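Step one of this worksheet: look at the structure below.
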Amino acid sequence: MARMKFVCDAERCIECNGCVTACKNEHEVPWGVNRRRVVTLNDGVPGEKSISVACMHCSDAPCMAVCPVNCFYRTDEGVVLHDKDVCIGCGYCSYACPFGAPQFPSAGTFGVRGKMDKCTFCAGGPEANGSQAEFEKYGRNRLAEGKLPACAEMCSTKALLAGDGDVVADIFRNRVLKRGKGAEVWGWGTAYGTKPAAQGEGVKS
Amino acid sequence: MKALFLVLSAAFLLAACGEKPQGLGGAKHDAAPHAGTGVGAFTAPDWKPGDKTSWEQKLKTRAQYGQNDYSRAN
């Protein structure tokens with residue numbers, strides 16, 4: 001069974017923000033909401049690293065654990081989704097998430113949160129697959145179209161990998177072996193609790 | 001008097017049975033992605049909507065072809 005996961009290769013990410021643009025365009029994400037963003041560590045310093053960050057669809061998702069109305073659910077493919085009809089916009093998930101993934105549209109002067117929005121792994125939501133209602137609330141359902149997330153498919157350097165955990169881990173492991181460096185997979189340990197085979201001792205996750 | 005007390009007690013106790021659940025019930029049920037969208041124009045070719053095995057194989061092939069540049073360039 002497929003278990004969907006993201007891997008961001010910091011050795012390849014060039015901070016082009018193509019993934020961010022692809023996501024915003026594909027799902028028509030409103031102003032003020034960024035389901036994905038690129039973070040650069042030590043910006044301007046030689047050796048800086050950039051990573052593309054969004055919901056990692058954690059194996060043991062903290063957002064699911066803290067949601068007081070139980071609006072989250074995990075699909076059979078391991079994608080963490082939520083039901084906007086149930087969400088009350090309390091923001092607990094935002095505080096719990098180690099990746100800052102849950103987003104809240106700024107709807108008013110005093111920060112009325114509205115319904116939470118986040119990366120869906122391009123898997124839509126609980127509405128009917130491919131329906132207008134699903135698109136308006138959650139964006140396109142590319143998985144149901146037999147496609148992978150737009151951010152990863154659009155990535156020009158293939159720094160961002162998405163798909164079945166076995167496949168993306170294999171692609172990444174092959175890269176590390178060929179280039180002989182850069183085994184660090186940012187966020188992998190935090191999200192999935194395990195380290196891929198390519199990740200050696202003494203490296204941060 | 002005793003009968004009236006019993007009737008009133010029964011009515012009071014049975015009133016709880018008519019209480020409707022007030023929970024939110026959690027998220028709605030979601031259809032599996034391998035069921036497809038029913039929109040042929042946007043569906044990727046070479047897999048059959050409704051067939052989980054072909055869907056999984058399609059995604060694996062797409063991931064390898066689209067993301068594994070070593071298998072294409074080297």
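Quick note on labels: first sequence line is chain A, next is B, and so on, each numbered from 1. These numbers were taken from a predicted model, which means no experiment stands behind them.
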**Fill in**
Which of A:I171, A:D170, A:L161 passes side-chain contact (heavy atoms from CB on, under 4.5 Å) with B:N68? Answer is A:I171
**Asked** Which residues pass the ring pair (Phe, Tyr, Trp, His ring centres under 6.0 Å) test with A:Y92, sequence neighbours left out?
**Response** none
**Fill in**
Most contact-rich option vs chain A, by heavy-atom pairs under 4.5 angstrom, among B:R62, B:K58, B:Q64, is B:R62
**Message:** For a quick test of reading the model, state the closest non-hydrogen atom pair linking A:A162 to B:A63 and the distance between them.
**Reply:** O-CB, 4.5 Å
**Asked** Would a 4.5 Å heavy-atom cut-off, applied to side chains only, mark B:E56 and A:D164 as touching?
**Response** no
**Item:** Check ion pair B:D69-A:R12 (N to O, under 4.0 angstrom)
**Value:** yes
**Asked** What salt bridge (charged side-chain N to carboxylate O under 4.0 Å, His left out) pairs are there with at least one residue in residues 13-23 of chain A, not counting sequence neighbours?
**Response** none
**Asked** Hey, which residues of residues 125-156 of chain A are touching chain B, say heavy atoms under 4.5 Å apart?
**Response** A:G125, A:P126, A:E127, A:N129, A:G130, A:R140, A:N141, A:R142, A:L143, A:A144, A:E145, A:G146, A:K147, A:L148, A:A152, A:E153
**Item:** chain B contact via A:L81 - which portion, at a heavy-atom distance below 4.5 Å
**Value:** side chain
**Asked** Which bit of A:V79 is near chain B, if near means a heavy-atom gap under 4.5 Å: side chain, backbone, both or neither?
**Response** neither
**Asked** Within the distance-only criterion (no hydrogens, no angle test), does the side chain of A:D83 pair as donor or acceptor with the backbone N or O of B:K28 below 3.5 angstrom?
**Response** yes
**Main-chain N/O of A:K158 paired with B:Q67 side-chain donor or acceptor, under 3.5 Å** = no
**Prompt:** By salt bridge (Lys or Arg N to Asp or Glu O under 4.0 Å), which residues pair with B:D30, not counting sequence neighbours?
**Reply:** none
